[in-house]
Structure formats: structure tokens, C-alpha cells
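One structure is given here, and the rest of the page talks about it.
Within every chain, numbering begins at 1; the chains are lettered A, B, ... in the order of the sequence lines, protein sequences first and strands thereafter.
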Amino acid sequence: MEYNFLAVEKEWRERWAKDETFKAEQNSTKPKYYVLDMFPYPSGSGLHVGHPLGYIASDIYARFKRHQGFNVLHPMGYDAFGLPAEQYAIQTGQHPAITTEENIKRYREQLDLIGFSFDWSRQVNTSNPEFYRWTQWIFVQLFHSWYNKKEDRAERIQTLIDAFEQNGNLQVDAASDEAAPFTAEDWKSFSEHDRRSILLKYRIAYRAETVVNWCPALGTVLANDEVVNGVSERGGHPVEQKKMMQWSLRISAFAERLLEGLNRVDWSDSLKEIQRNWIGKSVGAEIEFPIKDDVNKKITVFTTRPDTIFGATFMVLAPEHEWVKEITTAEHADEVADYVAYTKGRSERERMAEAKKITGAFTGAYAKNPINEQEIPIWIADYVLAGYGTGAVMAVPSGDQRDWDFATHFDLPIVPVIEGQDVSEGADDRKDGILMNSDFLNGIKVTDAIAAMLKRVEQDGIGRRKVNYKLRDAVFSRQRYWGEPFPIYYRNDIPYTIDEDKLPLELPAVDQFKPTEDGDPPLGRAAKWNWDNAAGKLVENGEGHPIELSTMPGWAGSSWYFLRYMMAGDASRDEVFVSEEAVSYWKQVDLYMGGAEHATGHLLYFRFWTKFLHDLGFLPFDEPAKKLINQGMIQAEDGQKMSKRYGNVVNPDDVIAEHGADALRLHEMFLGPIEMHKPWNTKGIEGVSKFLRKLWRLYHTDGVFTVSDDAPNKNELKSIHKCIEKVSDDMERFSFNTSVSAFMVAVNELSDLKCNKRAILEPLSILISCHAPHIAEELWKKLGHDASISNAPWPKLNEEYLKDDSIVYPVSFNGKTRFQLEMPADSSKDAVEAAALQHEQAQKWLEGNAPKKVIVVPGRIVNIVL
RNA sequence: GCCCGGGUGGCGGAAUUGGUAGACGCGCUGGAUUCAAAAUCCAGUUCUUUCACGAGAGUGCGGGUUCGAUUCCCGCCCCGGGUACCA
């Protein structure tokens, strides 16, 4: 009988579910191993064959770790809040909870077919109140915390209040919005309203008027990583810049630690590099330039090259800079006002599209170079960003291309300050060389000149060393329905948190999912969306206090979900977001598998929340995932992206119906290295199907299961141990494509040897069981085992069996292989050399001459140099 | 522009520390089995040249180091990803 994959796979799916084979132990003396996949957003179109690629790879590794005796946590869940379900709801009136539920059901069916070793008892669903109760709870902690720069950690807001009561805010070094200075006496005299307003500037979850990416079509704000090329990532709608009052999270306070932590995790270099660039650290100085006609007024610039200050021939302010109006002379007032109006009217898209267009206006004012008193004109231009540094730069056209372009366009002087600097065709930003035209820095190397200038700036009191980061605080509110409600109500416009024991604050019913007529978010439609704090419950609108109408963004739940999986279904699940016992046993994720597209979104926020929760003492680690692998994308066979739009989607269900789940798993791995993008290949699956049938035949004679208990011979042992060595090594390197070929080699060899011996076939089925678990379980059962193969110990390599009696040496002349020479394995170097030179073929190449040199690498090669 | 990856047969890819380039699979060619097909099995398959034995070339291109380079170094070209006035 041929292998009936349909029956076998169904049988094992059911048995694994019934026996809870992959349930992680909660109290275990075994070492733990945590394998996590990025959980999917359950979309309406279901999974295509590209989606499970990473899940298959992580599943193989999870199974391998089980064979090695680890207590493996390998969970799965759903990132269920999100825009598509809401867009669908707006169009159809169908509640997103219902469509989400249906989509989850479909996802689960598809996932189950593939034979993953997930522990479903721990599944999470971010849109479930049982889960988002804790997302809201973490938000409450973020609200009641501040960032203490002196201690370099997040702390409870009470330590800040204590500090204010003792010394006011003068001695406090916090990551905060600008707050006017006050003393302890002042603080004590403030009203509650004033105190709360001040504290809001310090909270890690704070509210502030910020310039946000507003998407009118979606009716919401978007985070920077949700905007791609000036349009929304989802839907491709135009995005404009708008000033709005929004909730933000103070991730920028963690910038340095987010950067430093990258050195302690085993993530791909490219991913770390993306995050480093996104965080964008630059070390330099702030230097003050007094204004010529008002020396008390100083413009502060940020520069990473203070050594080039003698090349600063003009100064540029962002059009939004607070002093533009004040310093502009009457003569240039109209021109400057026109330019400011022009830049305001430009959308983000236009700005990006016209990035090369050089525009600007002269203010008529001059600044004094604080080092040499030279007067330089002050311009405004939108190539200087208001939101970065100080919103003003000293322009050094000889060393900065943007300044060079600007100077060339407006005919401003360009002064080289480094010997050999060529500024005829463009700026020359060399970081080596000797300074010139630079007064006391002349003749000094760039690196030393930077140090010397920093010292001078600090001595003269005209500036300070300064580190800037590109990383902006994360806008945390969305004007949408399908997200976590903020556990916040407003008393006199001041936000207050809802008591922790009253959470979750569940999403209210609304008649429609659109914004209100007044332009309020959909939650503005809820009839009962006010809070009575004394009673601790929702009340009719008009009573109590209004509740926040925005909801949290899609990445809220995914920033901490990995912790929730650690909680088994025990009682403490309702008491804490994650218990101390659970987190001290499971600790960090050991292997995280997911797409690189989350580099600047999820993966940054996930690290940020972990650091925050660590600071507050909830977690014994501050990096969530020790190792991370980015699986590549599977493209359609035509090389395009797999998408409904192109009609080139391959559904795993169809592949499984035709070839089985084991074949799908093997084929996806066999396509190539896990991190690489690669096209799907429908034909290629025949190869792995054939392999599975051949494997089956190894255990069967004329369709009847036949295995012998005879002792294996040398060749058989060598074959299986070669496979053990190769596959064990491949597992540790996540090289799952090469292990598939190792299985094929072993099965081909054992078929040739007509081997049906238990001592060989038992370890073989264990080796294959991570990749092709269904067939392996069935063979294991036929071999007489009652228990699942998934806990069978991994076969042990015995190197004795790999050794050969003889070695075939390739003999090359001048590096070109000419013939083979078989020698006993224990032959000495000299014996190999002598045999090679005496070989009849050697004579032909030597042509009677003596070789110049003979190189013998024992066990490897012989090279004869003529 | 800048920063990361990558470039190997008709195709996907292998070669882990510098040591026989092309494992394994797909495709293709020929054969066995079969009434026929499916399935299975056997042989071949980098290119050029040769009836063949063999010989020559060959890992994007050009140089270098080395007895020996897909692997290390220098300079270019192309493809993919990230980022974009971040001073």
C-alpha cells in the first residue's frame, strides 16, 4: 500500500489535539525554551503559502528543542485589532468583532492543517477584553510614570511628586516637555489642576499638541512607520501634517538604551542597522550665535562638526523657527512672510516630491560667529527641519552638500576649511585631513580639531556638547473604533485614569463605525460613554465625566503579548498581566521569528515596553527576544508579490489536499535559506512528495510494514550517522533547506543498501520528525511506540561510524585536479606524497622534472607545484 | 545620495575554518517496466571542443594575496531591502 497522507495526517492532527501533546509544562524542572512567531492579523483573505514559511521554520526548531529535552513554549495567537476589519464594518455595518471572530476561525483551520506544534491553550487575542484589560493596565502604568534621566530609568510618578515637594522642578532631570521652572513652595501653592497639568508634561504616556500625520480618508492619525512615501501604509491614502492634541509615548527617552541593547541581542545585522538608523544618534554640540543688532538674542544651532565653524558663511532657520518674525528686517518682511506661507501650504508629499528644489528667503538679519565675530547672513529655508535639533543650522557649504546646494543657488560664499578640500563640484565632507582657514585650528587633524573646538565652546560658555536622536515620541491615539479604549476620563480637561480594578473598559456599542457629524471619533457615538469615578462605572452622557474618544493603535497589544503567553490558564491569570513565577521561569523569548518589515514599528515598541516594564520591576530582563530571525518573503511563481490583485495566490489548503502537509512543510523549507526572498515553485513539490513515498517504502516491503532487528552493518551506520551529524548541525544554524537534502541523501543511500533495520530506521524517523511530523509519527507508531515521537530523545552522533578506512585524495598540479589517489586513512604525509609522485598519471604531468614543492593536507588534498 | 544584503548550470539552490565548484531537488534527454498510462527504476545533463579518451574555460567584471580563492583584500557593474533634507 502506498503512503496515504490524507488519512495519516488527519489521524495525527486529531491525536495531537486530544492528547494535548504540545502543551508546555507550567511547573517544570526541565530547562525552558521559548519559540515565538509574530502573530498574524486575521485578515479576510486567509493564509497563502507565503505566510506559514516562518511558522514552519520556528515549528521545526521548537520540535528539535523538544527532542533535546527542553520544556518548549511555542504559542500562537491573533493581533486582532486593526483597520481592515473596521473599514469592512464601515462599509457593511457588520461589527468588527464578528468579522474578526470569523476570520480567526478560518485562520485556525488553515493553521491546524499544517501540523504545527502550538500550545493553543495559551492563545491570545488582542481584541478580547480579557487581554486588552491588561493593555489598558500597562497604559495606566505608563501614565503614572516619568523618566528619570539621572537614574536613566522610568520611575513611578510619585518619586517625581516627592522631588517637586522638596525642591520644585529645578533639580529634576527628566525627559519631559518644556516646563516653566518652579520651587517647592510654588508646587505646594499650585491647585490640583495646575499640578496635574505640570505632571502631564513629565508622564511617559502624555498628551500634547503635536504635528501628526493626519489621514483624512481614514479619519485618523498615523505613526511615522505607518506612512510610506507620503501616503498611508494601509490603503495608500494621502497624509497631511496637522497639529493636534494627541496621546504620545515618550519612547525618545529610551533612545540610548534602545541603541545599546542592540549590542546584546542576536538579531540580524541588517535589522539592527535599520533600528540604529531609525534611532539616528548624532554626537555634536549646540553653539549659540548672537544676533548682530540684538546681542542678547542668541540663535542656537546643532552641529556634528564644530571644527568647521570657520567655514560657516551663513545661517539657516526652519521657517517655523520661533524668531523668524522678530529678526526679519522691515525690508525683507514681505518676502519672508510669503516664503513662510508657501512652505506652510506645501503638503508632506509635495515636499518629498520636490526634495531637490532649492528654496529659501533672506531675513535681512545677521548673526555673529561666536568664535571669530564674523557677521553672517541669516536665511530661512525648509531644508532645515523645525523638529530636529534646534531648528537652526550654521551652514558650512564646503562640507555639507545641502548647504553647498543652497549657497550655490543663492550665490553665497563657500570657504574650504580642510587642506585639499575640493568644493568646485560639490561639498567635500571628509572626516580626515588637516584644518585650514580656521584660526587656532589650523594645522590640526579633524578629530583633534573637533575635540579642541568642543573644549573652547565650553570654556567660552557659548555652547555645550549635545547628543541628538532622530527617534520621535510615538503618537499613541487613533481616531478609530476597533482598538483598545483609553482608560481615561477628563475632569476640567485634565486626564485621570480609571481605577485598575475597574478594568477592562470595554468598547461601547455604537450605531455606526464612522466619525460623528462633529468630526469626533466613532466612540463619540456611544450613548453611555461617561465615567462616574466614585461609583466606578459607566454613566449616561451628561453625567459623570467624559471618557477619551480615541483608541490605541494597532501596535499596543503586540508590544507585550509575548508575556501573556507565559501565563497558563491558572487563577492568577485574572490577577496580573504576567506573574512573577511565570516570567522568572520563561524569561526572554529564545527565538523570535518574523518579518523584517516590522523593524521600525513593532520591534521597536516591543523593546521599549519591555524596558519600561523592566524599570518598574515587573520583568527580570530588559530585552524581549534574545535571538531573532527574519524569514524572507515567498513571491508568486511569476516573481511578483503574492496578492489577490495579481491573481497569483497559492492557497496552502490546496497544496495540502494534493500533496499533504508534510510535503508542504518540506517544500517550503527546501525552497532555500529561511531569510531569503524566493519565488514559489509548484513543480518542485513533486520532489519532496516523491521523497516521502520513498521514505515510506524504506519501512515497507510490498506494502507491508517490515522492519528487521538485525544488527546494522558499517555502511548503514555510516549513512545514518552522517545524517545525524548534518541535520543536528543544520538545526543549530537554522539551515533547514540543507537538512532536507541530507534526508534525501540518507534515504537514497539506505534504499540502495536495502536497509530495513530498526537500529537505523528508528533514529531516521526522529531526525525527519521536525520537518515532516505526520509521517514520522505514523512510522514511529508502526515501529511499536505508544507515545508521540515528539518527545523521543534526539539521536546521538557516534563519530566512530563516520571514519573511513581509506581516503581518496584529489591530486592536483598547480591547483588543477588531475587524478584520484586512494590511500589508507592512517597514511603518513610522506607516504601520501610518495604515492602521489609515483602514480603513473603523475609522470605525465611531471614530464621528468622534479616538482618545486608538494603540499599534502592530511585527509584533504595533494597539490604538486611544478 | 547614504547604510545594509546579494550576484554560482536551463531553474531553486549546496560548498560550515581558504583545499575535488555545481550536493540535493526541479526541468530536460535516453532507456527499463507496461497493451498503454500513472507510478517506479536505471543512465546522462556547467560551457566549448572531441566519435571517444581527453583538453580548455568557468562562481557579476577587472586586479591582488596564496602552493591553492565561490570563500580573503582593492577598484568597478548589476539586483534587492532600508532610509531620505536628521546638519
Tell me which nucleotide, if any, is Watson-Crick or G-U wobble paired with [N] when both distances must be under 3.5 Å.
| N | result |
| --- | --- |
| C35(B) | none |
| A15(B) | none |
| A52(B) | none |
| G30(B) | C42(B) |
| U70(B) | none |
| G5(B) | C79(B) |

Is the count of non-hydrogen atoms from other residues, nucleotides or ligands lying under 6.0 Å from E840(A) atom CD greater than 12?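 At most 12 heavy atoms, drawn from other residues, nucleotides or ligands, come within 6.0 Å of this atom.
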Side chain of [X], heavy atoms from C-beta onward: which of [options] has the nearest atom to it?
| X | options | result |
| --- | --- | --- |
| R733(A) | A87(B), C24(B), U16(B) | U16(B) |
| T738(A) | A15(B), A87(B), A55(B) | A15(B) |
| Y383(A) | A21(B), C41(B), C85(B) | C85(B) |

Base of U16(B), side chain of D729(A) - is there a donor-acceptor contact under 3.5 Å?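 Such a pair is found, so the answer is yes.
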Would you call [X]-[Y] a salt bridge at under 4.0 Å N-O?
| X | Y | answer |
| --- | --- | --- |
| K722(A) | E725(A) | no |
| D400(A) | R305(A) | no |
| K678(A) | E668(A) | no |

In this structure, how many angstroms lie between the [atom2] atom of [N] and the [atom1] atom of [X], rounded?
| X | N | atom1 | atom2 | result |
| --- | --- | --- | --- | --- |
| K690(A) | U40(B) | NZ | P | 5 Å |
| K470(A) | C2(B) | NZ | C1' | 10 Å |
| F813(A) | C67(B) | CZ | C1' | 13 Å |
| N814(A) | A55(B) | CG | P | 14 Å |
| E686(A) | C28(B) | CD | P | 11 Å |
| L821(A) | U20(B) | CG | P | 16 Å |

Check every strand shown and say whether [X] touches a base, only sugar-phosphate, or nothing at a heavy-atom separation below 4.0 Å.
| X | answer |
| --- | --- |
| P679(A) | nothing |
| M676(A) | sugar-phosphate |
| K272(A) | nothing |
| W845(A) | sugar-phosphate |

Once you measure the plane-to-plane angle for F734(A) and Y61(A), does it fall in the parallel (<30°), tilted (30-60°) or perpendicular (>60°) bin?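 Ring orientation, 0 to 90° scale: tilted.
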Give the intermediate values and the outcome of side-chain hydrogen bond (donor to acceptor under 3.5 Å, both in side chains) for residues Y342(A) and D382(A). CA-CA 10 Å; Y342(A) 159 76; D382(A) 69 352; 5.8 Å; no
Want to settle it: does D400(A) or S741(A) sit nearer the 5' end of RNA chain B, counting the closest nucleotide to each?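 Its nucleotide being nearer the 5' end, the pick is S741(A).
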Please figure out whether K281(A) or E273(A) has its closest RNA chain B nucleotide nearer the 5' end.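 Between the two, 5'-proximity favours E273(A).
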I'd like the P distance from C72(B) over to U46(B), given in whole Å.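 The same atom, P, in both gives a distance of 27 Å.
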